[in-house]
Structures are given as structure tokens and as C-alpha cells.
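Reviewing the structure listed below.
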Amino acid sequence: MTRRRWRITLLGALATLAAVYPVTSLFRDSGWLPASVLMIALVAVTGVVARGLVRSRVLVVVAQVVVAAYAVALLYVGDSFVLLVPTVETLVGANDLALQALDTAQRYSAPAPLNEGVSFCLAVIVALVAICVDAMAATWRSPAAAGLPLLTAYLITAANGQAALALRYFVVPVAIWLLMLHTTARAGFGRWGTASATDDAGRVDIGGDRAALRSFSAGAVRLGLVGVVLALVVPLAIPHFAPRYLTDGLGRSEGGGGGGSVGFNDTVDLTRSLNNLDTKPVFEYTTTDPSPGPIRVLAVSSYSRGEWTALGNNGSGPDAPAPLPPADQRTTYEIDVSENTLAAPRLAVPYPVVSVALPDTVSWRTDPVTRDVRVSQAVATYRATFADLAPLATALRESGTPDSADITSDDLAVPDVARDLVDSWSREVVGDADNPLDKAIRIQDHLRSSRYQYSLDLGEPLRDEAGRIVEPIRTFYERRIGYCTQFATAMIMMARAQGIPARMAIGFLPGTQGDETNVVRASDAHAWPELYFQGYGWLRFEPTPGVRAGDPPPYTVVGDDSSTGSGGREATESASAAPTSSAAPTSTTTVAEAAQTQVTETTNPLSSVFSVRTLVVVLTALVLLLALFVMPITAWLVRRRRVRSATTRQDLVEIDWDDLTAHLHDLGLPDAGGGTLRQVRDRWISQGHLESEDAEALRRVTTTLERARYDRPERTTATETDLLHRDIRDIRRRVGRSRAWQARLRSVLWPEAGVSVWRGLRERVADVVGRR
């Protein structure tokens, strides 16, 4: 292999590493990175070795896929191997890890926790990107095309992160990619030169070629730098429209609250609000809370025709907020906010607020129903004390019927136009749950499952037969796609249909953690439901999938009552799994019940063997094997068809001869064309290094073939055709033993007789279509 191919391979590996490295910003731990670096190195080394051994580019890629797949399986599900050979359990284990990664992606936002399933999937993705980059850059020598998988790897991070990526994440892979382009183009330019080194004129030409090459390289470098600078500068120069999160704004307001402030109004449009991706900072903060949750700004209860509205206190409500739970049932933390641009009268404070420290010139009050904090004027810095409620699941199940002045009629209202839909939907979701907590958990888990998709693009609204826009709740039910406001609204309405008071809270996700402070941006705007539980007040739930949401509160994920097996889904369970319970047999268990239990335990392994998942795994393995041997199978089918259509012994002789010719060509011997049969025979004997016995067998084959072609048909006997068939079989076997293993493997997996069929498929289809 030339030095240039080594260089391109190394640059491709470095570019892949630079493109996937930003994924570290999506997870709380970078433990996945060493395995991914190993995968990149294995793909690069396998490509170098394979390109030196085989001529087929496809075989090079196949070798990289096989090595990478084996390495990933060995790293993550190697305990299922038998004598270092993967088994069916290997595929089952890989499937379990993929499901675990999918569940994590649905339930957590960036930075998400790292588990074995996520690490497994990241290793697979990195290996695929590395294979694509190496194949395009080094195997097919088209580094320009290698930019596509590199861009894909970069966009995986850019599309899932909560903040804009640092410039280095973009510049480094682009710089390496440009270097790959320069290396390949420079080599191609060098081949254009026609100078000869055998005379003085040639030496002058060589000097001119070198000068031209330097000029070409300098121009390419300047062009690449200009392109990178434009990619970074142009987005900054293009004007951006003002963001609109809550109709008139979770965006930069033009007045009130100070210039450049961010403002909330009291209306949330179900079809438009909270779907902007503006990354401008709203405020920064530090907190004593080790795991900060969403930061609330306001709560709304009134819903009508797709809009949530915060209604003011008309005097019928309480004069002061309800007291918080006792101190032994909550933990108190502090938050220090700086660089605040949120416009008055709103203030972002974690719920529920205990106290706020503001400048003396600023007055503030707490809404007696929602506990929203309102200030007389905007402030840049402030400190707040808030409570973290951590109720036990058993206590919430026994909290009793909600009865509080904090609950208004709006908190239980379901729009008449969607009443029937919400009632049937909620009954289907909650099933046999018999208390408010379990009902809420089932609703939350249902909406966070794979049945629904998170997207900021809602498409065109659905319309009824008269052309009117239907209720947005029905649109979400039909399409099952939306962002936080749709998911929160769905949970609120289903909870209300089950008699649980519910309202919508609006604020921000915890933001991006920096070196010293957390930064909350406009794009962190979020909505979530709050459900009322007697004795504990309004508690947060999180039905929005984890791609853009906070983590679910502990009392909705992991229950404290292990004896009942319920109280929330375990973190490792599937998002769509329903709560289950199990109990050991008691002393009053009858003999019949014990016998039935024993039968069930005996049949469980059988049911796992013959499960749908096992069937899918087996079918997948069969499809992969079929894909691996598609060429030899094709060659066998072609020969079988020719044998069936043969009418004379001469036809069978020609078929055997064609098979021998194709097989020897696959092994690296020259084609049969370009000479007489005896000349081809002598060439094969010489270049194939045939022993005397094999040479004599080849002579018998050509003699029989000459007689079949030029003598009368009846002179070719069945004995001669049988002998010819055995001679050809022996020649193939002995010639194959003398060739390198790479050539033998290529002749088995990539026979020309099968490849030619697929190469000519397009022409044959075109001929058939043309005749029609």
C-alpha cells in the first residue's frame, strides 16, 4: 500500500473521531469514548490490511463490517459467546441493549445518563460512520463524499443538544476533511505531469511541475479557509426574526422591562407556543440543589380552543398561599440568579418558592393560588429559597380526595368538544389503576413511550368535513406527534377526566451546566403538568419524551414500596411497560396452586425460546446469511438452470468447461480467451503450477471438449462426460489449494458467475421494458 493510502486512512480515522467527539456533550459521562476510539482504530487497520490482500472494494467493506460487528459484540455481549463464537443469545443481548438505549433517549434530555445500552449503540454508530468514511476516502478514493457521514455524525450532536456547539467541534473535523481533499487532489495533480527524469529537459519540466503543484496547493488551502470562514461568519450576518414562544413573546420584547429583556404573557397557544430554538441566554444561576429541576415562571388552568390562559384572582380565591408540607417532608435549597433578562412582572423561581431576596426598591408578591412570583420591576440579580418535595409513593396513594381552596373549577374542566375523546382515551390508558398516583404514572409512562414522537413541526392542522380546524387535542391524539405543550395538555386532560385536579406550569428546563454557573436560554422554555395531591399540593409530572424534557420526578419513576412492586417504573424498564406485581406463595397456598406454579415455571423457559423476539432474531440471522452468500447462491442457481435446459452431452461438457474457466479466473489465473484450447491448457498448467497428475487431467478435459465440439455427437459417451466432470472437480480443488487464502475466499463469496448476473440485471430489465 502506498504512503498516500496510509495517510488518507489515518486522516479519515482522525476526522471520524473529531466528528463524533461532540457527542460527549449529550451525556453526563464520557465512558463510551474509549470503546468508540477502539472501533475507529479497528476499522482503519482492517481497511489497510484488507486493501493489501484483496482487489474487491466490496470485500474490504465486508471485512470491516464483520470485524467491527464482532468487536462490538465481544465488548458488550461477549458473555453470550461459546468458544468465542456468537450465539443466538448474542443477538438477544444486543436487542436488549438497543431497547435500553431507546428508553434512555425517550426519558431523558441532554445531558442524559450513560448506561451500557447507550454505550453499545454509540459504539455501533461510531463504527458505521468510521466504515463509511474509510470506504469513501481510502477504498473508493473519494474523500469529498466522506464529508457526508462526517456531517451526519456532527448533526447527531447538533440536533440533540440544548445549546449551540462550540466552534472547535465544527472547525476540527472540517479542517481534517479539507486536508484529506488536499492530499488526494495533490496526488492526482502530480500524475498530470509528463516530465521525464531521463534528460535535462525533463529536469526543467519537473521543476515546473513542482512549482505548479505548490501553486495548486496554496490555492486549495486558501479556498478551503475561505469556505470555513464563510460557514462561520455568514450565519452571524443573516438577520434573525424575533422569537415568539408565548404568542407575544418568550422572546426579545421591544418595550417594558428594559431593553433587550425576555417577556412572558399569560397565554399559551397549543399549536404555536414553546417551539422556538433561539439560543440567547435568559439568565444564569447557581444553586445548592445537586440535581436542579425545571424553573417555573407561571401556571395556567383555563383551556379553550387550543389556548391556555392564566386568569387573575377575582377575589373568590384564598388570600394567601396554602402552607407547605412539614419540614420533615421537604428539603430546602437556594438559587442565586444573575444576568436576568426576564421582563417584569415575571420571575423564574423553582416551585414551590419559600422566600425571595430582592433589592429594597423592588416589591414582590406571591400569587395565593399558583405561587407565581411577581415583581414590580425587572431585576438583574436575586436570590430565592425553594422547597424540594419528595413524597413517598405510599403516602401519595393514601392522600385522599383533593379538597383545597387552591383548586378551582378550571383545574377539573375538560372542553365539551373533546370530552368523549378524553374520557375514552384516559380509561384506556389508566386501565385498572385505582388511585390517583398510579393513574398519573400510567398516563405519564404512556405519553413517554415509543407510541409518541417529539417534534417541533406539527404540520398542517387537521380539519373536519366542513373545513374547520379540529380541536388540537384531537389532532395530537390522531397524529401522536408534538412538543411539550401538546404532551402536557394531553396528560392534564386525561388526569382531569379521572378526577385529578391538573394545571399547566410554564418555565425553563435547568439549562446548560457551565464551569461555575448554569445558563438558561430561550430555547430551554418548557411546559409540564402539575397534579394536586391532598396534603402535598401541586406536584410536577413529566410526560414529554426525554429528547426535550426534564427528568421525571423520583416519585413517578422509582417507587418506595418494593413489597407491592409498584409506585412507578424502574429506570431500566421499557417506557411502554405497564406496572406489574408479583407475590410469593403464602402458607395457605393449596397443592393445586403449587402444582400450577411449578408448571408455569417449567413452561416459562419454553415460552422464552419460542417468543416473537427469538423468531425475529432467527429470521434476521437467516437474512444476514443469505445476504453474505447471495453471489455463490446466484452462481449455483445459474448453473442449475443451464444443466436443466441442456439437451445433449455436448451441452453438459460446455457447462462444465465454463465452470472451470470461471473458477480458475476467480482464483487469479488468466481468462480462457486469446488462444486455442491447447494454448489455454498449457498456460494454465504453467501458471497454475499443476503437478503431472493434474496436468494430465487437464489434457483429458480439453481432449473431451475438442471431441464434443468437432466430432459427431454420438461419439461423446456418458463415461467420458462423467470422467470430465470428476477431472474438473479435482483440478478445481488442487488449484485452489495452491492459491492464497484470500483468493480462495474471494472465489467462494464473490464468484464471477454470480456477479455477472447482477451486473447485467439493469440491462435485462431495460430490454424487457423496451420490448413492452
Side-chain angles (χ1 to χ4, degrees), residues 8-24 26-27 29-51 54 57-81 84-86 90-102 104-105 114-140 142-143 145-157 160 173 176-177 180 617 620-621 623-624 627-628:
I8 289 294
T9 301
L10 179 59
L11 289 175
L14 292 176
T16 302
L17 179 59
V20 302
Y21 181 77
V23 178
T24 55
L26 299 180
F27 298 95
D29 184 9
S30 59
W32 63 274
L33 195 57
S36 297
V37 173
L38 175 62
M39 299 311 303
I40 295 174
L42 280 176
V43 169
V45 172
T46 303
V48 170
V49 174
R51 283 188 289 270
V54 299
R57 295 170 176 175
V58 175
L59 283 182
V60 173
V61 176
V62 169
Q64 290 175 315
V65 171
V66 171
V67 170
Y70 185 86
V72 171
L74 185 62
L75 284 175
Y76 292 97
V77 287
D79 54 351
S80 64
F81 283 25
L84 297 180
V85 176
T90 303
L91 295 177
V92 174
N95 180 68
D96 292 339
L97 291 176
L99 291 176
Q100 184 183 22
L102 177 62
T104 300
L114 184 71
N115 52 43
E116 192 174 11
V118 172
S119 299
F120 168 77
C121 287
L122 287 176
V124 173
I125 293 173
V126 170
L128 291 176
V129 173
I131 291 172
C132 292
V133 171
D134 187 80
M136 295 175 182
T139 304
W140 268 270
S142 300
L148 293 177
L150 292 175
L151 178 62
T152 301
Y154 174 82
L155 291 179
I156 289 176
T157 306
N160 290 279
I176 300 175
W177 177 65
M180 293 165 57
V617 169
T620 302
V623 171
L624 292 176
L628 181 61

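Side-chain atoms are counted along with the backbone in the values below, which use heavy atoms only and exclude waters and symmetry mates. Bear in mind that the values here come from a model prediction, so they are computed numbers and not experimental data.
Met136 is not listed as a side-chain neighbour of Leu150, based on a closest heavy-atom distance of 4.5 Å or more. Considering only heavy atoms from C-beta on, Val65 comes within 4.5 Å of Ile131 through its side chain. By the 4.5 Å heavy-atom criterion applied to side chains, Val92 and Asp96 are counted as neighbours. For the pair Leu84 and Tyr70, the minimum side-chain heavy-atom distance is below 4.5 Å.
Here Asn95 contributes atom CG and Leu91 contributes atom CG; the two are 9.0 Å apart, rounded to the nearest 0.5 Å. The CG atom of Asp134 lies 5.0 Å from the OG1 atom of Thr9; values are rounded to the nearest 0.5 Å. Ile40 CD1 to Leu33 CG: the interatomic distance, rounded to the nearest 0.5 Å, is 8.0 Å.
Under a 3.5 Å cut-off, the side chain of Gln64 and the backbone N or O of Val43 do form a donor-acceptor pair.
Ala18 and Pro22 make their closest contact through O-CD, 3.3 Å (heavy atoms, listed as atom of the first residue, atom of the second, distance). Considering all non-hydrogen atoms of both residues, Ile8 and Ala137 come closest at CG2-O, 3.3 Å. Closest approach of Gly31 and Leu114 over heavy atoms only: N-CD2, 3.6 Å. What you find for Trp140 and Val58 is that their closest heavy atoms are CH2-N, 4.4 Å.
None of Leu74, Asp79, Val77 except one satisfies the side-chain contact (heavy atoms from CB on, under 4.5 Å) rule with Thr90; the exception is Val77.
Here side-chain hydrogen bond (donor to acceptor under 3.5 Å, both in side chains) pairs that include residues 30-41, with residues two or more places apart or in two chains, number zero. The list of side-chain hydrogen bond (donor to acceptor under 3.5 Å, both in side chains) pairs with a residue in residues 10-21, not counting sequence neighbours, is empty.
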Under 3.5 Å, sequence neighbours excluded: what are the donor-acceptor pairs made by side chains of residues 115-128?
unit_1 : atom_1 : unit_2 : atom_2 : d
Asn115 : OD1    : Gly117 : N      : 3.2
Asn115 : OD1    : Val118 : N      : 2.9
Asn115 : ND2    : Thr104 : OG1    : 2.8
Ser119 : OG     : Asn115 : O      : 3.2

